[in-house]
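Counting starts at 1 for both ligands and their atoms, in listed order. Just so you know, residue 1 is the first one in the sequence shown, and it goes up from there.
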Amino acid sequence: MEAAQRTISVLGSTGSIGTQTLDVLSRLGPPYQLRWITCNTRWQDLAAQVERFKPYGVAIRDADAYTAFKQATSFSGPILCGEEGLSQAAADPENDVVMSAMVGFSGVVPTMHAIRAGHQVGLANKETLVSAGQIMLPAVEQFGATLLAVDSEHSAILQCMVGERTADIDRFIITASGGPFRTTPAADLERVTAAQALKHPNWSMGAKITIDSATLMNKGFEVMEARWLFDLEPDRIDVIVHPQSIIHSMVEFIDGSVKAQMGVPTMLVPIQYALTFPHRAELDVPRMDLAALGQLTFEPADQDRFPCLRLAYEALREGGSAGCVLNAANEVAVQAFLERKILFTRIPTIIEETLSHMEHLSHPSLDAIVELDQESREFASTLTLRP
Ligand code: NAD
Ligand code: MG
């Protein structure tokens, strides 16, 4: 029997997840048709992807990049611009699957459009759930959309949950590599540089998530993401440091049994699983060799040395608009750190100060979230003027 055709759009196709998604799609072949690809500023990369992968259309967020792309290429398909263009691509009724692989809050509105169109959404853009999980999940239900995790930890949980009932879960154990500063003493963290923070031991990813991995905010975000994706209370989502990144996460059930999903660290597996779910397809990646590895090790996550993890749990317990403020302040602080304006240890204090300054909304609308994101950024930016 021939596989049914599936039409895929990739939002953020020029990024780390986006390029790997196009790679997976080209390996999967003809049943998968590429519809839209999108970028922010890197229009040359987008032009190269157009040549190679022949999408139906493109959407470019940045107005200058849009103009440059139009002038420099002879692409004859539709070319959309701005957040509106991205949202239009996301909502296209021809889409079967939308891969949401933009970085940061920029993913919220386009992802919401894909949800409101009732599409299957492969969600890499975790900031969407961190900022607006409380709004997204009811919309998923209302519009009959499906959210499939692309983050390796949540893909692991999804794989462990096949054949299981939510009622039988006791807790999730999300694994963390510990990042580049896993063994760095607290007193030395103040002096670490952006170049050191960008050297992740196990994963090659975009700059923003790599810094989030160094502060452990990425793990905090993943706790929040798990809470929304699988509807489990924060107190039942634990984090454990596992430096080898072989176990991608675990689910403990009410009878004490624990399932773990394992494999070499590569995003190709969770990306492909989100596209072929609930089935699997062959994939030519290095295979796990436990005898060569010798041992898998575990240690507790240190919330004193890495306060971002604690802040994420606190924001999740507080609920409402706290996640939006947490995310906005983090984006501003991470950018300032990458631009060498602030110290590494200033990232959590900027977030904490922004959280205590901004008003708290217990049931914000999407418009209120968009506004609060902007206001939180403005406030957090004033804090970055102090190193
Ligand atoms: P990246 O920086 O490599 O790519 C980001 C993409 O988003 C690019 O295509 C860029 O053009 C686009 N983009 C950036 N700013 C934009 C804006 N303002 N408007 C519209 N588009 C914009 O990021 P990445 O590492 O691929 O991460 C993407 C998402 O996936 C993030 O949410 C990240 O947390 C998540 N994620 C990434 C990995 C990974 O291995 N890279 C793993 C798990 C989850
Ligand atoms: Mg992850």
Side-chain angles (χ1 to χ4, degrees), residues 9-24 36-49 58-63 65-66 69 80-87 89-90 99-111 113 121-131 149-158 174-179 198 200 202-213 216-226 229 239 242 245 247-249 261 265-271 274 327 330-331 334-335 338 373-374 377:
S9 289
V10 184
L11 310 181
S13 65
T14 55
S16 163
I17 294 291
T19 51
Q20 292 180 85
T21 303
L22 294 183
D23 179 17
V24 166
W36 296 93
I37 57 176
T38 82
C39 75
N40 185 27
T41 54
R42 289 180 11 212
W43 65 268
Q44 293 97 332
D45 293 358
L46 196 76
Q49 292 183 337
V58 304
I60 302 171
R61 169 78 197 243
D62 182 77
Y66 165 79
F69 179 92
L80 308 177
C81 182
E83 187 180 80
E84 233 176 80
L86 260 67
S87 293
M99 180 61 88
S100 172
M102 293 146 295
V103 66
F105 192 84
S106 71
V108 170
V109 172
T111 304
H113 276 86
V121 178
L123 192 72
N125 178 236
K126 63 189 83 180
E127 294 91 341
T128 284
L129 290 182
V130 170
S131 307
V150 172
D151 216 342
S152 56
E153 294 75 6
H154 307 77
S155 177
I157 291 173
L158 181 66
I174 296 184
T175 52
S177 71
L198 285 169
H200 195 279
N202 302 348
W203 299 93
S204 158
M205 313 178 283
K208 195 252 172 190
I209 183 176
T210 308
I211 302 302
D212 288 343
S213 301
L216 292 202
M217 183 56 96
N218 182 52
K219 223 30 73 177
F221 281 178
E222 289 178 355
V223 170
M224 302 173 90
E225 193 184 359
L229 280 174
V239 170
H242 163 46
S245 298
I247 295 181
H248 300 305
S249 280
Q261 188 267 338
T266 166
M267 287 308 295
L268 294 174
V269 173
I271 289 170
N327 176 69
N330 181 60
E331 282 193 41
V334 166
Q335 189 56 35
L338 283 169
D373 169 71
Q374 195 50 44
R377 280 166 197 276

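Within Glu153, the N, O or S atom at minimum distance from the Mg ion (ligand 2) carries the name OE1. Here the N, O or S atom of Asp151 that is nearest to the Mg ion (ligand 2) is OD1. Within Glu222, the N, O or S atom lying nearest to the Mg ion (ligand 2) carries the name OE2.
Put simply, part of Met267 is less than 4.0 Å from ligand 1, judged by heavy atoms. Remark: distances from the non-hydrogen atoms of Lys126 to ligand 1 include one below 4.0 Å.
Polar contact with ligand 1: present for Gly15 (N/O pair, distance under 3.5 Å). Ligand 1 has an N or O atom lying under 3.5 Å from an N or O atom of Thr14, backbone or side chain. Residue-to-ligand polar distances place Glu127 within reach of ligand 1: an N/O pair is separated by less than 3.5 Å.
Between the choices Ala124, Ser16, Ala149, Gly12, the shortest heavy-atom distance to atom 41 (N) of ligand 1 belongs to Ser16. Nearest-residue assignment for atom 36 (N) of ligand 1 (options Thr19, Thr41, Ile209, Ile271; heavy-atom criterion): Ile209. Selection from Thr128, Leu11, Ile60, Val103 by nearest heavy atom to atom 14 (C) of ligand 1 gives Val103. The closest heavy-atom contact to atom 44 (C) of ligand 1, among the options Val150, Asn218, Val109, Asp151, comes from Asp151.
Using a distance-only test at 3.5 Å, with no hydrogens or angles considered, a donor-acceptor pair links the side chain of Thr175 to the main chain of Ile247. Listed for the Thr19 side chain is no donor-acceptor partner under 3.5 Å among the backbone atoms of Thr14. Using modelled atom types, one side-chain atom of Asn125 and one backbone atom of Met102 make a donor-acceptor pair closer than 3.5 Å.
Contacts between Arg42 and ligand 1, counted as non-hydrogen atom pairs separated by less than 4.0 Å, are absent for every part of the residue. Contacts of Ser13 with ligand 1, taken as heavy-atom pairs under 4.0 Å, involve the backbone alone. With a 4.0 Å heavy-atom cut-off, ligand 1 is reached by the side chain of Leu86 but not by its N, CA, C or O. In Met205, the parts holding a heavy atom less than 4.0 Å from any atom of ligand 1 are both the side chain and the backbone.
With hydrogens left out, the protein atom closest to atom 29 (C) of ligand 1 is Met102 O, 3.3 Å, a heavy atom. Closest protein heavy atom to atom 11 (O) of ligand 1: Asn40 N, 2.9 Å. Scanning the protein for heavy atoms near atom 25 (O) of ligand 1, the closest one is Gly206 N, 2.9 Å. The shortest contact between atom 6 (C) of ligand 1 and any protein heavy atom is with Ala101 O, 3.6 Å. With hydrogens left out, the protein atom closest to atom 18 (N) of ligand 1 is Ser106 CB, 3.3 Å, a heavy atom. Considering only non-hydrogen protein atoms, atom 26 (O) of ligand 1 sits nearest to Ile17 N, 2.9 Å.
Contact of the Ser155 side chain with the Val269 side chain is not registered, since no non-hydrogen atoms from C-beta on lie closer than 4.5 Å. The shortest side-chain heavy-atom distance between Trp203 and Ser245 falls under the 4.5 Å cut-off.
Of all atoms in ligand 1, numbered sequentially from 1 with element shown, those under 4.0 Å from a heavy atom of Cys39 are 11 (O). Annotation for ligand 1: atoms under 4.0 Å from non-hydrogen atoms of Arg61 are 19 (N), 20 (C). Counting atoms of ligand 1 from 1 in the listed order, those under 4.0 Å from a heavy atom of Asn125 are 32 (O).
With rounding to the nearest 0.5 Å, the separation of OG in Ser177 from NZ in Lys219 is 6.5 Å. The distance from the CG atom of Asp151 to the CG atom of Leu129 is 10.0 Å, given to the nearest 0.5 Å. Here Met205 contributes atom CE and Leu198 contributes atom CG; the two are 10.0 Å apart, rounded to the nearest 0.5 Å. Note that the CD atom of Glu84 and the NE2 atom of His113 stand 8.5 Å from one another [nearest 0.5 Å]. Considering OG1 of Thr128 and CD of Glu225, their distance stands at 9.5 Å, rounded to 0.5 Å. Taken to the nearest 0.5 Å, the CD1 atom of Ile17 stands 9.0 Å off from the CG atom of Leu268.
The pair Lys126-Glu153 does not meet the salt-bridge criterion, since no charged nitrogen lies less than 4.0 angstrom from a carboxylate oxygen.
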Test side chain to side chain donor-acceptor pair (under 3.5 Å) on Gln49 and Asp45; report intermediate values, then the result. CA-CA 6 Å; Gln49 292 183 337; Asp45 293 358; over 6 Å; no
Carefully, step by step, assess Met99 and Ile271 under the rule side-chain contact (heavy atoms from CB on, under 4.5 Å). CA-CA 9 Å; Met99 180 61 88; Ile271 289 170; 3.9 Å; yes
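Residue Phe105 forms a side-chain contact (heavy atoms from CB on, under 4.5 Å) with just one option from Gln374, Glu331, Glu127, and that option is Glu331.
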